[in-house]
Structure formats: structure tokens, C-alpha cells
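All remarks here apply to the structure that follows.
Everything quoted here is computed from the prediction, not taken from an experiment.
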Amino acid sequence: MTADARRRRIYAAVRRIPRGRVTTYGRIAELAGLRGQARLVGYALAALEVDTAVPWHRVVNARGAISLPPGGHSALMQRARLEAEGVVFDGDRVALERWAWRPRTARGRHAGRFADA
DNA sequence: CTGGTGACCATTA
DNA sequence: TTAATGGCCACCA
């Protein structure tokens with residue numbers, strides 16, 4: 001698989017995140033069929049155009065925090081966009097147990113490390 | 001080629 | 001709870 005194909009899979013996965021929810025880099029990697037390659041997700045997002053339709057702001061790190069340089073323009077925009085969608089921050093992070101998007105892979109009840117609040 | 005870096009993460013101590 | 005470690009891959013010097 002080419003590097004370009006991986007990037008497109010990553011973007012496709014990010015586009016699936018619903019409004020008002022977040023998910024992690026590692027989770028996107030899994031959905032893109034690239035388990036264990038979370039770093040690639042960050043790299044791919046960094047390559048996006050400024051006016052992209054890909055909802056990159058819905059991707060946070062495993063702690064629920066924004067992984068962009070603190071105080072930077074991009075970080076501020078990410079937080080502003082999330083809050084505009086109703087996502088609430090607790091300090092510098094969002095509670096994943098509450099805001100993480102869980103695609104329907106859950107069989108019957110909660111299947112992942114993100115349970116409902 | 002080699003080595004370093006990055007919007008990362010799970011594991012281990 | 002925080003720190004260190006090893007693994008991952010694309011890109012660049």
C-alpha cells in the first residue's frame with residue numbers, strides 16, 4: 001500500500017466522526033486499517049489544506065487533549081470549533097468517556113475503552 | 001545509506 | 001499520579 005493511499009484512508013476515517021464528538025489518533029489509525037500507526041494520522045492531518053472539509057478538529061490525543069502547539073493559532077481554532085459544536089473542555093482536555101465517538105463495532109454493549117458516562 | 005523529528009500510543013516502572 | 005521506552009511511518013538533512 002502506498003503512503004498516499006494510507007493518507008486517503010485516514011482522511012476517510014476522520015470524515016466519519018460526527019459533529020459534536022471527538023476521537024483519538026490511535027482510533028482513526030484503526031478505522032483506517034493502520035493499527036499502531038497513530039503517528040501517521042498526526043502527520044496526515046498536518047498536511048491538510050487550511051480550507052479542507054475534513055473535520056480534523058475532532059481528533060484529539062489519547063488523553064483527550066489537543067496535540068497542537070499550546071496557544072498556537074491552530075490549537076485555538078481547534079478548541080473553538082469543538083466548543084462551537086457543544087463539546088465541553090475540562091481544563092485543557094475533554095473527557096473521552098463522555099465525548100469520544102464510538103463507531104458501531106460495539107456488539108451488544110460497550111466494547112472499547114470508551115464507555116458512556 | 002543513516003539519523004533525527006513529529007498534531008502518537010500502550011506498556012512498564 | 002508522572003516518566004521512560006519501544007514501536008510505528010513519512011519526510012528531510
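If you walk DNA chain C from 5' to 3' and mark each nucleotide with an atom closer than 4.0 Å to a heavy atom of chain A, the marks span dG7(C) to dC11(C).
Residues passing the salt bridge (Lys or Arg N to Asp or Glu O under 4.0 Å) test with Asp4(A), sequence neighbours excluded: Arg7(A), Arg8(A). Looking at residues two or more places apart in sequence or on another chain, you find no side-chain hydrogen bond (donor to acceptor under 3.5 Å, both in side chains) involving Arg9(A). Scanning for side-chain hydrogen bond (donor to acceptor under 3.5 Å, both in side chains) contacts around Glu83(A) gives Arg79(A), with sequence neighbours left out. Judged as a side chain to side chain contact (heavy atoms under 4.5 Å, CB included), and not counting sequence neighbours, Ala46(A) has no contacts.
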| note | In 5'-to-3' order, the base (B), backbone-only (S) or no-contact (-) status of each nucleotide in nucleotides 1-7 of chain B, using a 4.0 angstrom heavy-atom cut-off, is -----BB
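Sorted by first and then second residue, the pairs that involve residues 45-62 of chain A and meet salt bridge (charged side-chain N to carboxylate O under 4.0 Å, His left out), not counting sequence neighbours, are Arg58(A)-Glu85(A). Evaluation of the side-chain hydrogen bond (donor to acceptor under 3.5 Å, both in side chains) test over residues 69-78 of chain A, restricted to residues two or more places apart or in two chains, returns none.
For the contact set between residues 81-89 of chain A and DNA chain C, defined by any heavy atom under 4.0 Å, there are no members. Using a 4.0 Å cutoff on non-hydrogen atoms, the parts of residues 2-16 of chain A near DNA chain C are Ala3(A), Arg6(A), ordered by number.
Comparing the same atom, C1', in dC8(C) and in dT5(B) gives a spacing of 14 Å after rounding to whole Å.
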Enumerate, atom names and distances included, each donor-acceptor pair closer than 3.5 Å involving a side-chain atom of residues 61-70 of chain A, sequence neighbours excluded.
from	atom 1	to	atom 2	distance (Å)
Asn61(A)	OD1	Arg63(A)	N	2.9
Asn61(A)	OD1	Gly64(A)	N	3.2
Asn61(A)	OD1	Ala65(A)	N	3.0
Asn61(A)	ND2	Ala65(A)	O	3.3
Asn61(A)	ND2	Ser67(A)	OG	2.9

Please table the atom pairs, donor to acceptor, closer than 3.5 Å between any side-chain atom in residues 34-45 of chain A and protein atoms at least two apart or in another chain.
from	atom 1	to	atom 2	distance (Å)
Gln37(A)	OE1	Arg6(A)	NH1	3.2

